[in-house]
Amino acid sequence: MCGRFTLFSSPERLAELFDLAEPPQLAPRYNIAPTQPVAIVRADARTQTREWALVQWGLVPSWAKDPSMGSRLINARAETVAEKPSFRAAFKRRRCLIPADGFYEWQRTSKGKQPYFVHLRDGSPFAMAGLWEFWTGPDGSALESCTILTTEANELMAPLHNRMPVIVAPEDYQNWLTIDLDRERERASLLHHLLRPFPAEAMEAYPVSTYVNSPRNEGADCIAPLVC
DNA sequence: CCAGACGTTGTT
DNA sequence: GTCTGG
DNA sequence: CCAGACGTTGTT
DNA sequence: GTCTGG
């Protein structure tokens, strides 16, 4: 699954990867946790352009009575996302990309839980597949939120965990962001095809200190290789 | 009909 | 043990 | 994901 | 909002 990740790549590099006119205003983050604000890239159907947004991690369905439901909807299974009541509306036309340059997974061992930092071999930032949603409170307050899609683990991840976030290849960004399943239902299979495990050969993982365990620890020490 | 759930993970 | 909050 | 709380009354 | 269970 994906319960923590990082985003410390330069705004210029992110603007280039996501083909955005303006670099996003983002400070480096090494321990992004559920309920915190996360940067997303989404398409504006009106203007046919991409935009950045900061939304809360943990999807709050539009029909939720209060926002507390979000803390339990930080991930959505790719296999069932099109059918689940909490996600299906967003899957049709509110998909997004969630920029990251790595994520954490905790391996369960006889000695407890060992965190690992997982990243691309070449160190590039990448995009996780996400959904976003909007919610309006009884008092008119507005909230935007998101969730990260998961799929089965690839060969690299399998020893650590049975699930991993969906990583979208750059050539698939446009389809993921812009297909409208209300108007083009036949393209659902194309979208589902994108939600496959990323190639293990392009990824790498190494153990890190349990310093990362607490969401209060936000420094670069989170990704320091564990010295035994 | 109304009430209550709506999710993922992991563990047993 | 289980739920909520970050 | 992990960390931290988990309760009521009354008083400041 | 929509579906399932009583």
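Convention: sequence-line order gives letters A, B, ...; per-chain numbering from 1. What you see below is based on every heavy atom in this structure, not just the backbone, and it leaves out hydrogens, waters and symmetry mates.
- Between the C1' atoms of dT12(D) and dC2(B), the separation comes to 48 Å (whole Å).
- Across dT2(C) and dG10(D), the matching C1' atoms stand 29 Å from one another, rounded to whole Å.
- Across all strands shown, L59(A) has no heavy atoms under 4.0 Å from either base or sugar-phosphate atoms.
- Look at R108(A) and you won't find any side-chain N or O under 4.0 angstrom from OP1 or OP2 of dG10(B).
- Paired with F5(A) under the rule ring-ring contact (aromatic ring centres under 6.0 Å, His included), one option of W57(A), Y104(A), Y30(A) passes, and it is W57(A).
- Of all the heavy atoms in P61(A) and W135(A), the pair that sits closest is O-CD1, 3.2 Å.
- Distances were taken from every side-chain heavy atom of K65(A) (C-beta onward) to each of dC6(B), dT2(E), dG10(B); the shortest belongs to dC6(B).
- With respect to E133(A) and R94(A), a salt bridge is recorded, a charged nitrogen being found less than 4.0 Å from a carboxylate O.
- Looking at the side chain of P85(A), the nearest of the listed nucleotides dG7(B), dT9(B), dG4(D) is dG7(B).
- When distances are taken from the side chain of R88(A) to each of dC3(E), dC6(B), dT8(B), the shortest belongs to dC3(E).
- Nucleotides dG5(C) and dG4(B) have their P atoms positioned 22 Å apart, rounded to a whole Å.
- Taking only side-chain atoms of H161(A), from C-beta outward, the nucleotide of dT9(B), dA3(D), dC1(D) with the closest atom is dT9(B).
- Of all nucleotides listed (dT8(B), dC2(D), dG6(C)), dC2(D) comes nearest to the side chain of W106(A).
- Closest to the side chain of S86(A), from the set dG10(B), dC6(B), dC2(D), is dC6(B).
- For R216(A) and dC2(D), the shortest distance from a side-chain N or O to OP1 or OP2 is not below 4.0 Å.
- The interatomic distance linking E83(A) (CD) with dA5(B) (P) rounds to 22 Å, in whole Å.
- Side-chain atoms of S9(A) and D101(A) include a donor-acceptor pair closer than 3.5 Å.
- dT2(E) atom C1' lies 16 Å from atom CZ of F87(A), rounded to whole Å.
- Distance noted for atom P between dG7(B) and dC6(D): 29 Å (whole Å).
- dG1(E) is paired with dC6(B) under the Watson-Crick or G-U wobble criterion, all donor-acceptor distances under 3.5 Å.
- Rounded to an integer number of Å, the gap from R72(A) CZ to dT4(C) P is 6 Å.
- Separation of the C1' atoms belonging to dT9(D) and dA5(B) is 36 Å when rounded to the nearest angstrom.
- Computed from coordinates, the E218(A) CD to dC1(D) C1' distance equals 14 Å when rounded to whole Å.
- Listed candidates were dG10(B), dG4(D), dG6(C). Nearest to the side chain of R4(A) is dG6(C).
- Contact annotation for T35(A): base contact, defined as any heavy-atom pair under 4.0 Å involving a base atom.
- Checking the phosphate oxygens (OP1, OP2) of dG10(B), a side-chain nitrogen or oxygen of N162(A) falls inside 4.0 Å.
- Counting non-hydrogen atoms under 4.0 angstrom, Y104(A) reaches nothing in the nucleic acid.
- We find that R163(A) and E79(A) are joined by a salt bridge, their nearest charged nitrogen and carboxylate oxygen being less than 4.0 Å apart.
- Among the protein residues, T150(A) comes within range of the sugar-phosphate backbone only, with heavy atoms under 4.0 Å from sugar or phosphate atoms but none that close to a base.
- Side-chain polar atoms of Q174(A) and R50(A) form a donor-acceptor pair below 3.5 angstrom.
- Minimum atom distance to the side chain of K113(A) is reached by dC2(D), of the listed dC2(D), dG6(C), dG1(E).
- The CG-P distance, from N75(A) to dG7(B), rounds to 14 Å in whole Å.
- If you measure from atom CE of M164(A) to atom P of dT8(B), you get 17 Å, rounded to the nearest angstrom.
- Regarding L149(A), its CG atom lies at a distance of 13 Å from the P atom of dG7(B), rounded to whole Å.
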Stepwise ring-ring contact (aromatic ring centres under 6.0 Å, His included) check, H119(A) with Y206(A): CA-CA 9 Å; H119(A) 61 106; Y206(A) 61 84; 5.7 Å; yes
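- The distance from atom CG of L131(A) to atom P of dG7(B) is 13 Å, rounded to the nearest whole Å.
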